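Data first, discussion second: the structure below is written as structure tokens.
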Protein chains: 2
Amino acid sequence: MDVRQLFGTNVRRLRLEKGLSQEEFGFVAGIDRTYVSGVERGLRNPTIVLAEKFAQGLGVEVDELLRRPAKGA
Amino acid sequence: MDVRQLFGTNVRRLRLEKGLSQEEFGFVAGIDRTYVSGVERGLRNPTIVLAEKFAQGLGVEVDELLRRPAKGA
DNA sequence: CTGTGACTTGAAGTCCGTC
DNA sequence: AGACGGACTTCAAGTCACA
């Protein structure tokens, strides 16, 4: 699994859990909505600084967004 | 603590634990020695794809490099 | 062996709009 | 609400010489 895909999947999951649209999330996180879209689809390769911006907007730690889903869960 | 500093500190710690010089690590990870230097000092803002390259070279998961040191340890 | 400044090229990141 | 396109500016990627 590609890191970008992994990152995007985690972002989407957490964003949905918070019941936010891409636009709303982009607004609170201070990130362009088209960029959010690209990231969630694994098309973008964000920097670690941007990654933290995503994390803060989602209320989680950065490393959580790069964590591989636990198999046994 | 800035993410870049955090990332760099983790990289340096892990690299030292493996007893590698920046040059040696750069070689195994396929990253320029000066780039490694810049990252370890928190001057660079690597992308998540680069971050994974660092992780692979160090034999750890990506999220580990962005993990904040546990206070109670 | 490492730090550092400088440099070119490519991609990150933003903004516009459309479907 | 979200996918997707183009054009644009900024900055990261990657490498060098030198301390």
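Bear in mind the structure is a predicted one, so any value in this text is a computation, not a measurement. Lettering follows sequence order; numbering is per chain, from 1.
- As a whole-Å value, the separation of A/Phe54 CZ from C/dG13 C1' is 10 Å.
- Rounded to whole Å, atom C1' of C/dC7 lies 13 Å from atom CG of B/Asp32.
- One atom, CG of A/Leu20, and another, P of D/dG2, lie 9 Å apart when rounded to the nearest Å.
- Checked by atom type and distance alone, the side chain of B/Glu24 pairs as donor or acceptor with a backbone atom of B/Ser21 at under 3.5 Å.
- Each of A/Arg41, A/Arg33, A/Glu40 was checked for a side-chain contact (heavy atoms from CB on, under 4.5 Å) with A/Ser37, and the lone residue meeting it is A/Arg41.
- Side-chain atoms of B/Arg4 never come within 3.5 Å of backbone atoms of B/Asn45 as a donor-acceptor pair (strictly under, hydrogens ignored).
- The residue A/Leu50 sits close only to the backbone: its heavy atoms come under 4.0 Å of sugar-phosphate atoms, none of a base.
- The distance from atom CG of B/Asn10 to atom CZ of B/Arg12, rounded to the nearest 0.5 Å, is 12.0 Å.
- Between the side chain of B/Arg15 and the base of C/dT2 there is no donor-acceptor pair of N/O atoms closer than 3.5 Å.
- Between A/Phe27 atom CZ and D/dA1 atom P the separation is 14 Å, expressed in whole Å.
- The side chain of A/Arg41 places an N or O atom within less than 4.0 Å of a non-bridging phosphate oxygen (OP1 or OP2) of D/dC4.
- At the heavy-atom level, B/Arg4 lies nowhere under 4.0 Å from the strands shown.
- Distance, A/Glu23 CD to C/dG17 C1': 13 Å, rounded to whole Å.
- Here the P atom of nucleotide D/dA3 and the CG atom of A/Leu43 are 10 Å apart, to the nearest Å.
- Among the nucleotides D/dG14, C/dT2, D/dT15, the one closest to any side-chain atom of B/Thr34 is D/dT15.
- Residues B/Arg13 and B/Thr9 have side chains that never bring a donor and an acceptor to within less than 3.5 angstrom of each other.
- Residue B/Arg44 places no side-chain N or O under 4.0 Å from the OP1 or OP2 atom of C/dA12.
- OP1 and OP2 of D/dA12 both lie 4.0 Å or more from every side-chain N or O belonging to A/Thr47.
- For A/Ile31 and C/dA12, the CD1 to P distance is 15 Å, given to the nearest whole Å.
- Within the nucleic acid shown, B/Glu40 has no heavy atom closer than 4.0 Å to any nucleic acid atom.
- Heavy atoms of B/Asn45 sit under 4.0 angstrom from primed sugar atoms or phosphate atoms, though from no base atom.
- Distances shorter than 4.0 Å separate none of the side-chain N or O atoms of A/Tyr35 from OP1 or OP2 on C/dT14.
- Set against C/dT14, D/dC4, D/dA17, the side chain of A/Arg33 has D/dC4 as its closest nucleotide.
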